Amino acid sequence: MSKKISLTRYLVEQQRIDGHIPAQLRLLLEVVARACKRISLTVNKGALGGVLGAAETENIQGEMQKKLDIIANEVLIEANEWGGHLAAMASEEMDSIYIVPNRYPQGEYLLMFDPLDGSSNIDVNVSVGLIFSVMVKPEGAGVSEQDFLQPGNQQVAAGYCVFGPQTTLVLTVGDGVAMFTLDREQGSFILTAENMRVPNDTQEFAINMSNMRHWDAPVKRYIDECLQGQEGPRGKDFNMRWVGSMVADVHRILTRGGVFLYPWDKRESDKPGKLRLMYEANPMGWLIEQAGGAASTGKQSILDVQPTKLHERVSVFLGSKNEVERIARYYSEA
Ligand code: FDP
C-alpha cells in the first residue's frame with residue numbers, strides 16, 4: 001500500500017530536508033490549514049447550520065456580505081492571532097489591517113486572505129473557497145498598512161482551499177505546487193498531487209461572456225478568435241467554462257489547463273478591474289506561475305504590480321502560458 005503523506009509531514013520535510021521554509025512559516029501554514037478544515041465543516045452544514053444567506057452588511061468594496069464571509073473571516077483571525085507567527089492580517093472583509101493584539105507575541109509574517117471567494121455561489125451549493133498570501137513584514141518597529149504594499153513577487157507562501165465535492169488545499173512556498181485532499185475520517189489533509197503543471201496550450205477559456213459589450217479591443221479580439229474555432233485564425237475549437245468562483249475556475253486550470261480572464265471593462269472604467277490584487281490575483285498568479293503558467297494584467301506580470309492600497313483591484317489573465325502571452329501581445333499591438 002502506498003504511504004499517505006499528510007500536510008504536516010510534507011511541511012516538516014520541506015523545513016528539514018529542503019530547508020526552505022522556516023519553522024514559523026510552517027506553523028503559519030498548518031494553522032491556515034486548520035482554519036480551512038473548520039470553514040469546510042461550516043460550509044458543508046449549509047442550511048442545517050443556519051449559515052446561508054446575507055448578513056445585511058457591506059464590506060469596504062461596497063459588496064453585500066454573506067454570513068459565511070463573516071464567519072470564515074473570524075475563523076481565520078481566531079486561528080492565527082495567538083500563534084506568534086504573525087505581525088498582522090488583512091482581508092477582503094476588513095476595511096483596514098488587523099494587528100495581532102499586544103497580549104500575543106508578534107511574528108514576522110503578514111497574512112492576507114479572501115476568506116470566502118465566490119460567495120455569490122454559497123447559497124446555490126456551488127464550489128467556493130479561501131485564498132491566501134503570505135509576505136514578510138519589512139524591518140522596523142510596529143506594523144502598518146504600508147508594510148503590506150509589496151508586489152506579488154515578494155510572496156513567501158500562497159494557496160487556496162476549494163470547498164467543493166472534495167475539500168482541496170493547494171499551496172506553494174516557491175518550489176512548485178502541491179495539492180492536498182481533506183480526508184474527513186482522519187481529519188487531515190493528504191498529499192494527492194505534487195509538481196502540478198499547467199500545460200502551455202489549451203482549448204478552454206473562462207470569462208463572464210455577459211460583459212462582452214464592455215470589454216476593450218484586445219479582449220474582444222482574443223475571445224472572438226476563440227469563438228471562430230476551427231474556421232478562424234486559431235484553427236481549433238474552444239470550449240468555455242465559467243463557475244463564477246475564482247478558486248474553482250483556477251483549480252480547473254491548474255488541474256487540466258485553460259485560461260482565466262477577468263479584464264478591466266467599461267462598467268467601472270475608473271477601476272483597473274474587479275478582482276483584488278493582494279489576496280486574489282497575487283496568490284493565484286504565483287501558484288499558476290509556479291506550475292509553469294503565466295499571470296498578466298495584459299500590460300505587465302501581475303506579480304510585478306506595485307500596490308498602492310490594500311484593496312487594490314487589477315485586470316487578470318492567467319493560465320496556460322501561450323494563451324496569456326497571446327493576450328499580452330494583443331494588448332501591445334492595440
Ligand atoms: P464573488 O463576486 O462571488 O465573490 O472575487 C470575486 C468573484 O466572485 C470571483 O470569485 C469570481 O471569479 C468573480 O467574482 C465572478 O464575477 P462575476 O459575477 O462578475 O462573473
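Every heavy atom of this structure was used, including side-chain atoms; hydrogens, water molecules and symmetry mates were not. Numbering of ligands and ligand atoms starts at 1, following listing order. Just so you know, these numbers come straight off a predicted model, no measurement behind them.
- Heavy atoms from other residues, nucleotides or ligands lying under 6.0 Å from CG of Asp237 number more than 12.
- Annotation: Asp114 places no N or O atom under 3.5 Å from an N or O atom of ligand 1; distance criterion only.
- Annotation: Arg213, atom CZ; neighbour count of heavy atoms from other residues, nucleotides and ligands within 6.0 Å does not exceed 12.
- Atom 1 (P) of ligand 1 has its closest protein heavy atom at Gly118 CA, 3.8 Å.
- With respect to the salt-bridge test (charged N to carboxylate O, under 4.0 angstrom), the residues Arg252 and Glu204 qualify.
- Residue Lys236 places its NZ atom among more than 12 non-hydrogen atoms of other residues, nucleotides or ligands, all under 6.0 Å distant.
- For atom 11 (C) of ligand 1, the closest non-hydrogen atom on the protein side is Gly244 O, 3.3 Å.
- If you look at Ser245 next to ligand 1, the close heavy atoms, those under 4.0 Å, all belong to the backbone.
- Using a cut-off of 4.0 Å between Lys/Arg side-chain N and Asp/Glu carboxylate O, Arg276 and Glu92 are scored as salt-bridged.
- Taking the six-membered ring for Trp and the full ring otherwise, the centers of Phe317 and Tyr331 sit less than 6.0 Å from each other.
- Listed by number with element, the atoms of ligand 1 under 4.0 angstrom from any heavy atom of Asn208 are 17 (P), 19 (O), 20 (O).
- Within the 4.0 Å heavy-atom shell around ligand 1 one finds Lys274.
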Go through it in stages, so that I can follow the logic: the residues are Gln300 and Ser296, the test is side-chain hydrogen bond (donor to acceptor under 3.5 Å, both in side chains), and I'd like the CA-CA distance, side-chain angles, deciding distance and then a yes or no. CA-CA 6 Å; Gln300 68 178 131; Ser296 168; over 6 Å; no

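- Residue Asn211 has no N or O atom closer than 3.5 Å to an N or O atom of ligand 1.
- With ligand atoms numbered from 1 in the order given, ligand 1 contributes 5 (O), 6 (C) to contacts under 4.0 Å with heavy atoms of Leu275.
- Here the two rings, on Trp215 and Tyr222, have centers that are 6.0 Å apart or farther.
- In terms of polar-atom proximity, Asp249 is not counted as a contact of ligand 1, lacking any N or O under 3.5 Å from an N or O of the ligand.
- Numbered from 1 in the order shown, with element, the atoms of ligand 1 that lie under 4.0 Å from a heavy atom of Glu280 read 5 (O), 6 (C).
- With contacts defined as side-chain heavy-atom distances shorter than 4.5 Å, the pair Met94/Asn73 qualifies.
- Looking only at heavy atoms of the protein, atom 19 (O) of ligand 1 is closest to Tyr262 OH, 2.6 Å.
- The protein atom (non-hydrogen) at minimum distance from atom 3 (O) of ligand 1 is Ser120 OG, 2.6 Å.
- Residue-to-ligand polar distances keep Arg267 apart from ligand 1: every N/O pair is separated by 3.5 Å or more.
- Less than 4.0 angstrom separates some heavy atom of Met246 from each of these atoms of ligand 1: 9 (C), 10 (O), 11 (C), 12 (O).
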